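As the structure lists them, so they are numbered: ligands from 1, and atoms in each ligand from 1. Heavy-atom basis, side chains included; hydrogens, waters and symmetry copies ignored. This one's a predicted model, so the numbers in the text were calculated from it and none came from an experiment. Positions are given from 1, in the same order as the sequence printed here.
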Amino acid sequence: MTTDIYLDGNATSAILPAALAAAVDAMAERYGNPSSSHGGGLRAKAVLDGVHRRAARVLGVGAGRLMFNSGATEGIQTAVLSALCALRERQARGEATGTLLLYGATEHKAVPESLAHWSRLLGLHLQLRAIPVDHDGRHDLAMLRGCAGQAALVCTMAANNETGAISDLAGIEAALRASGSAAYWLVDGVQALGKLDLNLAASRIDYAAFSGHKLYAPKGIGMLYVRADAPFTALIVGGGQQGALRSGTENMAGIAALGAVLEALERGGVFRGYAELNAARARLADSLRAALPGVVFNQTFATSLPTTLNFSVPGLSSRELMDVFDAARVRVSSGSACSAAKATPSYVLDAMGLAPWRSGGAIRMSFGPLIDDATIDEACLRIARCGAALRASCLIPSNRAPQQHDGVVQLGVDGACSWLLLDAASRSCIVIDPLPALTERIEAYVRCQNYRVSAILGSSPGSDRTTLVQALGRHIARDISGDADCDAFGWPAAGAGVTLADGGLVAGIEFGARVLARVRHDDARASYLLGAATGARLGDGADGAARLVAADVRFAFTGHAAQSGLAGVIGLDTLLCPARDPHNQFCTSLRAAPPADLAAAELELDADALDAFFLQHPGAQLIDVREPYEYAAAAAVGPGGRPARSVPLSRLTDQLDGWLRGERLPLVFFCRSGNRSIKAVQCLRRLGHGAAWHVAGGVALAPPARAA
Ligand code: PLP
């Protein structure tokens, strides 16, 4: 489990060994400037010309022009600029031109952004219009036929980067011809290079852009094809290199490396063919089906690149899937851009008309045509491991009896949070401040744990209990199933009396060996105190015989800053758990210092300095704050291969109680990137635990585990 399984080939690729050697040779041996007329320059020029000829053959450039540049984004700019300058000149001569800039709805952002940018800069103000795509991500050819007559420029990608959907370029060409369109045609060939046959000069395509780094060449080298009779305006002018098509001293290391990749393509025998790649994808798809019940693929295999998989799993966010794969060191990409708080749906999947849960929860697995069977074998093993980790955490349905969970769990969504109190011994659960968005998650969790929910409470009245009560079905305790059995806060009518530290008598319910007492501040606010009562059991003998002393109140679920009413009945270290937690503070206490006192740099430990730290602090604990499924998928190993204990952030509040009351051992937290672990440390420091740090940069930047 020490190596990365890189399945993000549509984002970029590693370098082909021969390409690396060619780049090194270009820098070390053939470093002359290809424009110099001395021997050193001529040697470099020979490389440049050789790669140019090879690229022209591979792409079928014919009489067209081909230039090297920095990549597809530059190629797209150049093509758009060229087409729009020609349109402007034609308009200036009084010729009629189309008025529409058509682009596929699933194009890479480089295309519509360039169209809008250059149209505005050139004062053309042409109208951008997206060509819709169908469920398979293929362009609506009827719409294209209808609009092509008014189009000035048409932009369609050869294959999509998120789904691998292969465009019907022949169909697009036929639609353009049938409508007699005079529009220029730009094809983004980035994802097609090395995977689809291209014979550019034989088609009507005017411009085609490519990036080397999607096919084992380095970043920063690309190519642009311009049809022989298509208009051209240079984007970069200067010394007149490359026949003045693109000035600037050539990136010879990149060109030489790209040449080695093109040589491998031309020669054959290096990259795997369609059938083998398709078989590799089928194996990955089978492992995903076995590991992640209900997985759906967001593409049609028959019409997509055999190197791309795009899928969603019901009930799982792309963030959760990304995290579990990353913990298992399977590098994939989220189909949608997601922030910690919220996943943004993928515009590509939206355009294909997929349901929001699929578009917002999508994952892309992609690989390059160099993939070998050993990598696929290992990827399948790790996918199975990720599935097992998610099952054990009750995030996907499981037939196996899961490990019984106990304690306090925080579940958050969009800055708000719900709290679950779990008691393994009595297999019961209490939900505080249930959020409608978490209904499915709570239901799945309770069902998987086979717990009985004995209360659903709100820190304010009228929180939506009904949806959760209905969803929980047989897992709900009978005496809280109807509104008549509970008051407006959800508090069950059957509660008995508890005496608090200030002598007040409040209602309480038993929760395993502890009690949960309710403090009703007023008609709109209540807090719930969880702790071990002394004296008689609740409901035994006289009311009020059970006492909850302040120091024994471990947690107070307080809703919105209701702690002001709790000072006399809770301890200084009682953990105050809010109903809103937009900044991941988890909880606070009466003793807590204000957050501003803490400087981030003082809380960090460098991953390289961990050995020295643990030598100095032999009792220190290393703690993984990633979620349990990530911990399970990562095989319980932390930075540098050290064993680590799992305390996910959702369980941090539960563990804090022990850390704050016991001997304050040094604690070192880590996560994938350091973003989550710093939150844990800030919380501990605020609560008065002075010996907490986190690993800067997380496991992502930690040195690899040393061999034993
Ligand atoms: N077009 C497609 C389909 C892509 O996948 C990418 C890269 O992600 C680009 C264009 C832009 O390529 P580059 O960033 O190499 O310029």
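- Atom 5 (O) of ligand 1 has its closest protein heavy atom at Q191 NE2, 2.9 Å.
- Atoms of ligand 1 found under 4.0 Å from any heavy atom of M157 (numbered from 1 in listed order, with element): 3 (C).
- Under 4.0 angstrom from ligand 1, there are no non-hydrogen atoms of E74.
- Look at R283 and D377 and you find a salt bridge, because one of the NZ, NE, NH1 or NH2 atoms lies within 4.0 Å of a carboxylate O, short of that distance.
- Close approach of ligand 1 to A72 is summarised as follows: ligand atoms under 4.0 Å from at least one heavy atom of the residue are 12 (O), 16 (O).
- Contacts of D188 with ligand 1, taken as heavy-atom pairs under 4.0 Å, involve the side chain alone.
- Aromatic ring orientation, F311 versus F325: perpendicular (interplanar angle above 60°, classes split at 30° and 60°).
- Rounding to the nearest 0.5 angstrom, the gap separating the CD1 atom in I363 from the OG atom in S333 is 7.0 Å.
- Just one residue in the list L101, L235, L126 forms a side chain to side chain contact (heavy atoms under 4.5 Å, CB included) with W118, and that residue is L235.
- By the criterion of a heavy-atom distance under 4.0 Å, the side chain of S211, and not its backbone, is placed next to ligand 1.
- Looking at K109, H108, Q77, K219, it is H108 that brings a heavy atom closest to atom 4 (C) of ligand 1.
- Counting only heavy atoms of the protein, atom 7 (C) of ligand 1 lies nearest to K214 NZ, 2.7 Å.
- Here the straight-line distance linking atom CG of L265 with atom NZ of K195 works out to 11.0 Å at 0.5 Å rounding.
- A salt bridge links E263 with R267: at least one charged nitrogen is closer than 4.0 Å to a carboxylate oxygen.
- Of the protein's heavy atoms, T73 OG1, 3.5 Å lies nearest to atom 11 (C) of ligand 1.
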Take R331 and D4 through the salt bridge (Lys or Arg N to Asp or Glu O under 4.0 Å) test and state the conclusion after the steps. CA-CA 7 Å; R331 310 306 185 196; D4 278 6; 2.9 Å; yes
